[in-house]
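Please read the structure below before turning to the comments.
Basis for what follows: all heavy atoms, side chains included, without hydrogens, waters or symmetry-related copies.
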Amino acid sequence: MEGKTPSEAFPPIGTVENPAIFSDGYDLLVCYEIAPSGGGGNAILAFTTVTYFEQNPNNVHEGLRNARYPHRPWDFTEVIGSDRNRSSEWSESRFWTISFNDVMVEIVFSKVSLIHRALDPVLPHIALLNFLGTEHKPADR
């Protein structure tokens, strides 16, 4: 099993905020903080035909050393040769790990694309709610 940099290039992940995630049971949206070196703001990625995803509380400073799959802190990693790639029902799928400050997301999917980028300095969950067009007003934190 090995981890490599995906062929897609997305804005770099910021090191403070954790992502906001929305799934409808088929597709998955991941909204994350963009690093200042990438211009700041938030990016929303759409993963399609998601057959599996999991969010684990792996802190980049301590918890990642116990992670089961290859990863890089605050980065996207495409995992090749894992049990998640070998299932015949997932033969056309890709497997990524995405590491954030206190969370690692594992996703098995068919395609991924950047669907939105906002320069507004808001928390990822607010950026995702704004993108989805909800009237929900989350409590201040």
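The CD1 atom of Ile80 sits 6.0 Å away from the CD atom of Glu2 when rounded to the nearest 0.5 Å. Going from atom OG1 of Thr48 over to atom CD1 of Ile115 covers 10.5 Å, rounded to the nearest 0.5 Å. Atoms OG1 and CZ, on Thr49 and Arg94 in that order, are 12.5 Å from each other to the nearest 0.5 Å. Taking CZ from Phe76 and NZ from Lys4, the interatomic distance works out to 15.5 Å, rounded to the nearest 0.5 Å. The CD1 atom of Ile107 lies 11.5 Å from the CD atom of Glu78; values are rounded to the nearest 0.5 Å. Asn18 contributes atom CG, which lies 7.5 Å from atom CD of Gln55 (distance to the nearest 0.5 angstrom).
Here the closest heavy-atom approach between residue Tyr26 and residue Asp24 is recorded as N-OD1, 2.8 Å. Smallest separation of non-hydrogen atoms from Gly40 and Leu119: O-CD2, 4.0 Å. In terms of heavy atoms, Val108 sits closest to Ser93 at CG1-CB, 3.6 Å. When all heavy atoms are compared, the tightest approach of Trp74 to Gly14 is CD1-O, 3.3 Å.
A donor-acceptor pair is defined here as one N or O able to donate and one able to accept, closer than 3.5 Å; no such pair exists between the side chain of Glu8 and the backbone of Val112. Between the side chain of Asn42 and the backbone N or O of Cys31 there is no donor-acceptor pair closer than 3.5 Å. Glu17 places no side-chain N or O within donor-acceptor distance of the main-chain N or O of Glu33, the cut-off being under 3.5 Å. A donor-acceptor pair is defined here as one N or O able to donate and one able to accept, closer than 3.5 Å; no such pair exists between the side chain of Asn56 and the backbone of Val103.
Using bins of under 30°, 30° to 60° and over 60° for the plane-to-plane angle, the ring pair Tyr32/Phe100 lands in the tilted bin.
A single hydrophobic cluster is not seen to contain both Ile98 and Val16; linkage of ILVMFWY side chains at heavy-atom distances under 4.5 Å, directly or through other members, places them apart.
Contact check for Leu132 versus Leu29: side-chain heavy atoms found under the 4.5 Å cut-off.
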| From CA spacing to verdict: side-chain contact (heavy atoms from CB on, under 4.5 Å), Phe53, Phe109 | CA-CA 9 Å; Phe53 85 92; Phe109 64 96; over 6 Å; no
| Between Phe22 and Phe131, is a ring pair (Phe, Tyr, Trp, His ring centres under 6.0 Å) present by the stated rule, with each step listed? | CA-CA 11 Å; Phe22 173 80; Phe131 175 78; over 10 Å; no
